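To start, the structure under review is shown below, and the notes come after it.
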Amino acid sequence: MDWGIQNRLSRMIKPKSGRIVMLAVDHGYFQGPTTGLQDLKSTLDPLLPYADTLMITRGMLRNCVDPNIDVPIMLRVSGGNSVLTELSNEDLTCDMEDAIRLNACGITLSIFVGAEYEHQTLVNLGKLADWGNKHGVPVMAVTAVGRDMARDARFLGLASRMAAEIGAHIVKTYYCEDFKKITAATPVPIVIAGGKKIPEKDALRMAANAVADGAAGVDMGRNIFQSGDPVAMIQAVRSVVHENSPPDKAYQMYQDLSASQK
Ligand code: R5P
C-alpha cells in the first residue's frame, strides 16, 4: 500500500491495538439538527480528547471545531438529499481540493447497495478511490442497503465486499448476526456504526462482539453523544475497543465515571 495512505490509516487506526474509536457527528448532512448535535461545539469539545478520529462534514468542521486539535479528520464528502426525499440519490458534495485544504486524514461517502441510485454511489466510490490513491488519502465507504432489505450478513456482506472491491480502504457497516462472515470476506478494516440509541450496556456489548468478530473498531455516533453521559460512554467504548474489556466491566466503568463526574 502507498506510504501516504498507510501513514494516514495508522494515524486513525492506532498501531498499538490495531483498533479505532471514530466519533461520528456527520448526521446533520441529511438529518439537520440531530438530537444531541444541535449545539455541536458544546457536545464535541469534551469528547474530542477521547476520539481517535472525527467523522464530520466540512461545514461543521470549519464552524464548530478548533483547527488546533490533533484529532485526525474523516471528512464526509457525499450528500445531496434530506430525510424527506430519496436518500440513495447521493452525489459528491465536496471538492477534493477542499478536503486537502482541511487536512483531511480520510474521506468518506455512503454507498446504497440495492437502492434506486446504487449505480451512481458505487461509481462515486470508484472516483474517490482513484483520487485517494493518487494523493495518498484513504477512503471509507459507509454501507447503506435498500429500504426493504434486511441489515443482515447477506446484504451488509454484499455491500462491504463490493466496497472493498471498488477500492475502499475502510468499510463502515452495521453489526449483525454472523458478522464474522462479513469480516472474513472483506479484506480491509471494518468499523461498525452504532445505529439508533440503545441502552449503554447493549451498545458496549455490540462493540465488544464486533471487535471479537474481527472489526477494527467503531465509528459510533448516537450511542455516544445521546448517552446519559457521553464522556463516560466514549471512555467505556475505548476500553472495549482498545483493551478488549468485557462489556460488563466496561459498563461498570461507564457507571463509575458517570457517578464521579457528577
Ligand atoms: C450515516 O450515514 C452517517 O455516517 C452517520 O453519521 C453514522 O453512520 C451514524 O453513526 P451512528 O449510527 O453510530 O449514530
Side-chain angles (χ1 to χ4, degrees), residues 8-28 34-57 60-61 64-76 103-106 108 140 170 172 175 189-195 197-212 215-262:
R8 284 188 172 91
L9 283 173
S10 74
R11 291 189 57 221
M12 298 187 285
I13 301 172
K14 299 301 171 192
K16 194 171 163 200
S17 61
R19 301 259 174 88
I20 176 170
V21 173
M22 193 184 315
L23 176 62
V25 295
D26 61 322
H27 305 59
T34 307
T35 303
L37 298 181
Q38 294 94 334
D39 179 354
L40 183 59
K41 186 166 171 42
S42 301
T43 299
L44 259 186
D45 282 350
L47 293 173
L48 280 176
Y50 305 104
D52 295 324
T53 296
L54 179 65
M55 181 188 191
I56 191 167
T57 60
M60 293 302 108
L61 187 59
C64 306
V65 182
D66 183 342
N68 295 308
I69 60 162
D70 64 359
V71 181
I73 299 301
M74 176 61 77
L75 191 70
R76 172 170 280 282
N103 197 29
C105 204
T108 185
M140 181 172 81
I170 309 179
K172 171 175 176 173
Y175 187 70
I190 293 189
V191 290
I192 61 151
K197 171 77 176 71
I198 53 177
E200 280 79 3
K201 197 172 190 171
D202 296 341
L204 292 166
R205 185 172 297 111
M206 178 170 65
N209 289 340
V211 292
V218 300
D219 181 12
M220 195 175 265
R222 289 163 287 179
N223 278 290
I224 291 175
F225 63 72
Q226 292 176 353
S227 162
D229 190 328
V231 176
M233 185 60 179
I234 195 170
Q235 291 178 80
V237 171
R238 287 192 73 78
S239 96
V240 165
V241 169
H242 285 296
E243 291 155 33
N244 293 315
S245 292
D248 287 350
K249 188 178 166 201
Y251 183 60
Q252 188 61 53
M253 179 185 179
Y254 166 76
Q255 288 182 307
D256 293 346
L257 283 168
S258 187
S260 71
Q261 281 160 182
K262 283 198 172 107

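All values below come from the heavy atoms of this structure, side chains included, with hydrogens, waters and symmetry mates left out. Note that the structure is predicted; figures quoted are calculated from it, not measured.
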Any donor-acceptor N/O pair, [X] side chain to [Y] backbone, under 3.5 Å:
X      : Y      : answer
Thr43  : Leu37  : no
Tyr254 : Val237 : no
Asn223 : Ala203 : no
Gln226 : Ile224 : no
Glu200 : Ser227 : no
Ser245 : Ser239 : yes

Taking salt bridge (Lys or Arg N to Asp or Glu O under 4.0 Å) as the test, write out the residues that go with Lys14, two or more places apart.
->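 For Lys14 there are no salt bridge (Lys or Arg N to Asp or Glu O under 4.0 Å) partners, ignoring immediate neighbours.
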4.5 Å side-chain heavy-atom contact, [X] and [Y]:
X      : Y      : result
Val65  : Leu44  : yes
Ile170 : Thr108 : no
Lys41  : Asp39  : yes
Met60  : Val25  : no
Lys201 : Asp248 : yes

Give the minimum heavy-atom separation between [X] and [Y], together with the two atoms involved.
X      : Y      : answer
Val231 : Pro46  : CG2-CB, 3.7 Å
Ala207 : Val240 : C-CG1, 3.8 Å
Leu257 : Ala232 : CB-CB, 3.7 Å
Thr35  : Phe225 : O-CE1, 3.3 Å
Arg11  : Pro72  : O-CG, 3.6 Å
Met206 : Ile198 : CE-CD1, 4.3 Å

Mind checking the [atom1]-[atom2] spacing from [X] to [Y]? Nearest 0.5 Å is all I need.
X      : Y      : atom1 : atom2 : answer
Ile56  : Arg76  : CD1   : CZ    : 12.0 Å
Asp219 : Asp26  : CG    : CG    : 7.5 Å
Leu54  : Met74  : CG    : CE    : 10.5 Å
Leu75  : Met55  : CG    : CE    : 9.5 Å
Asp256 : Lys249 : CG    : NZ    : 11.5 Å
Lys172 : Met22  : NZ    : CE    : 7.5 Å

Can Ile73 and Thr53 be said to form a side chain to side chain contact (heavy atoms under 4.5 Å, CB included), step by step?
-> CA-CA 6 Å; Ile73 299 301; Thr53 296; over 6 Å; no
Decide side chain to side chain contact (heavy atoms under 4.5 Å, CB included) for Met220 and Ile234; before the verdict, give the C-alpha distance in whole Å, the side-chain angles of both, and the deciding distance to 0.1 Å.
-> CA-CA 9 Å; Met220 195 175 265; Ile234 195 170; over 6 Å; no
Check step by step if side chain to side chain contact (heavy atoms under 4.5 Å, CB included) holds for Asp202 and Arg205.
-> CA-CA 5 Å; Asp202 296 341; Arg205 185 172 297 111; 3.4 Å; yes
Salt-bridge test for Asp52 and Arg238: reply yes if a basic N is under 4.0 Å from a carboxylate O, no otherwise.
->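 Looking at Asp52 and Arg238, the cut-off is met.
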